[in-house]
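Data block below; observations after.
Throughout, residue positions are numbered sequentially from 1 according to the sequence presented. Quick caveat, the model's predicted, so the values are computed rather than measured.
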Amino acid sequence: MNQLHEQELEGIEEKKEGFAITDMDKLNWAFRKVSALRAKHNQITKLADAERERINQWEAKELRDIHNSLQFFETHISKYHANQLAENPKSKTISTPYGKTKARSSSEQIDKANEDALLKHVQASNLNDYIKPALMWGELKKSLNIVEINGQKVVVDELGQKVEGVSIKEANTKFSVEVD
């Protein structure tokens, strides 16, 4: 903002009372005020943006070590819980006065990897009960099984045929940390 803009803003509040544009001079005066106000607005916004950026950088720097430490402790808590779970499969939750860790396990699941290939398999196998205008994945999935053939896990349908277009999600255990 330049000196002319600063001068235009002096006493602007007092002149608002009863103001009306009645001629070209007052119109020109109003345009100068608008120009000065926009310049002031831009100056304030630019300063605020610069400060926000500095604050965001400061925040990221300050939180980096905290996030690293949190990850460190949560990883060690999960490792401890995994060891306890290996010794006693019933220890799904470990609780202390300051927090608890929970283990949630899921079993192997059949997952639809390629719907087109799966639909072709269902049609070729004459499993039409699982076909509507769209594949009834939920119903079909219930009839599929995971078996091991030649040392490799595969998905088979109720007729024992290998099913194309599906994959197997491996079983896993997830750990979470809660702090009271």
Side-chain angles (χ1 to χ4, degrees), residues 41-180:
H41 178 275
N42 291 341
Q43 179 186 26
I44 291 169
T45 302
K46 186 177 177 182
L47 176 62
D49 287 344
E51 290 304 310
R52 272 189 280 275
E53 181 59 31
R54 286 182 57 212
I55 290 169
N56 289 341
Q57 289 173 356
W58 170 83
E59 178 186 31
K61 181 180 171 236
E62 292 296 313
L63 292 178
R64 189 175 306 118
D65 289 341
I66 291 170
H67 289 296
N68 290 341
S69 293
L70 280 170
Q71 185 177 6
F72 172 84
F73 286 111
E74 288 173 357
T75 298
H76 283 280
I77 289 168
S78 295
K79 283 181 184 177
Y80 174 80
H81 195 170
N83 290 337
Q84 294 301 306
L85 194 59
E87 291 176 17
N88 178 6
K90 292 184 178 182
S91 62
K92 298 283 187 187
T93 299
I94 301 174
S95 182
T96 75
Y98 297 100
K100 62 178 89 171
T101 176
K102 295 180 180 181
R104 196 171 130 217
S105 298
S106 67
S107 59
E108 289 181 322
Q109 294 182 3
I110 299 169
D111 197 27
K112 180 172 48 172
N114 182 332
E115 188 165 349
D116 291 337
L118 182 57
L119 184 58
K120 286 178 186 173
H121 170 83
V122 170
Q123 289 170 335
S125 300
N126 205 22
L127 297 171
N128 297 327
D129 291 346
Y130 300 108
I131 299 176
K132 283 187 176 181
L135 178 66
M136 296 177 359
W137 171 243
E139 292 300 312
L140 175 61
K141 184 177 173 181
K142 292 176 189 173
S143 74
L144 301 178
N145 292 303
I146 299 172
V147 296
E148 194 167 318
I149 299 176
N150 297 329
Q152 186 177 4
K153 291 182 180 181
V154 295
V155 177
V156 296
D157 61 25
E158 56 195 21
L159 302 174
Q161 298 173 338
K162 183 177 175 187
V163 179
E164 297 298 322
V166 295
S167 61
I168 300 171
K169 281 186 188 177
E170 293 299 319
N172 66 11
T173 301
K174 293 182 181 178
F175 298 93
S176 63
V177 176
E178 295 178 6
V179 177
D180 295 329

Problem set entry | Thr101/Tyr80 under side chain to side chain contact (heavy atoms under 4.5 Å, CB included): CA gap, chis, key distance, verdict | CA-CA 10 Å; Thr101 176; Tyr80 174 80; 5.9 Å; no
For this session: Using the side chain to side chain contact (heavy atoms under 4.5 Å, CB included) rule, take Asn128 and Asn126 through it: C-alpha gap first, then chi angles, then the decisive distance, then the call.
Result: CA-CA 5 Å; Asn128 297 327; Asn126 205 22; 2.7 Å; yes
For this session: Mind running ring-ring contact (aromatic ring centres under 6.0 Å, His included) on Phe72 and His76 for me, showing each step along the way?
Result: CA-CA 6 Å; Phe72 172 84; His76 283 280; 4.4 Å; yes
Exercise. Going through the distances and angles, do Glu170 and Glu108 end up as a side chain to side chain contact (heavy atoms under 4.5 Å, CB included)?
Worked result: CA-CA 5 Å; Glu170 293 299 319; Glu108 289 181 322; 4.1 Å; yes
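Proximity of Gln43 to His41: side-chain heavy atoms (C-beta onward) are nowhere separated by under 4.5 Å. Taking the side chain as every heavy atom from C-beta outward, Leu119 and Asp116 never approach each other to under 4.5 Å. Looking at Val147 and Lys153, their side chains never come closer than 4.5 Å, going by heavy atoms from C-beta outward. Side-chain contact check for Leu127 versus Asp129: every heavy-atom pair is 4.5 Å or farther apart. In this structure, Ile146 and Val154 have side chains that are not in contact, with every pair of non-hydrogen atoms separated by 4.5 Å or more. Between Leu85 and Thr173 the shortest side-chain heavy-atom distance falls below 4.5 Å. Using a 4.5 Å cut-off on side-chain heavy atoms (C-beta onward), Glu164 and Lys162 make contact. The shortest side-chain heavy-atom distance between Leu140 and Leu118 falls under the 4.5 Å cut-off.
For the residue pair Asn172 / Ser106, a side-chain donor-acceptor distance below 3.5 Å is found, with atom types taken as modelled. Glu53 and Gln57 share a donor-acceptor pair across their side chains, judged by distance under 3.5 Å alone. With hydrogens and angles left out, the side-chain atoms of Ser125 and Gln161 include a donor and acceptor closer than 3.5 Å. Between the side chains of Tyr130 and Glu158, at least one donor N or O lies within less than 3.5 Å of an accepting N or O.
The pair Lys46-Asp49 fails the salt-bridge criterion, with no side-chain N (NZ, NE, NH1 or NH2) lying under 4.0 Å from an Asp/Glu carboxylate O.
Nearest heavy-atom pair across Thr45 and Arg52 is O-NH2, 4.4 Å. Contact detail for Ile110 and Lys141: the closest heavy-atom pair is O-CE, 3.0 Å.
One finds the CD atom of Glu115 at 9.0 Å from the CH2 atom of Trp137 (value rounded to the nearest 0.5 Å). Asp111 CG to Leu144 CG: the interatomic distance, rounded to the nearest 0.5 Å, is 11.5 Å. Rounding to the nearest 0.5 Å gives a distance of 4.5 Å between NE2 of His81 and OG of Ser91. Considering CD1 of Ile131 and CD of Gln123, their distance stands at 4.5 Å, rounded to 0.5 Å. Separation of atoms CZ (Arg64) and NZ (Lys61) is listed at 8.0 Å; rounding is to 0.5 Å. Asn42 CG to Leu47 CG: the interatomic distance, rounded to the nearest 0.5 Å, is 12.5 Å.
Under the 3.5 Å distance criterion, the side-chain polar atoms of Asn150 are left unmatched by any main-chain donor or acceptor of Gln152.
In the displayed structure, Gln71 atom CD is contacted under 6.0 Å by at most 12 heavy atoms of other residues, nucleotides or ligands.
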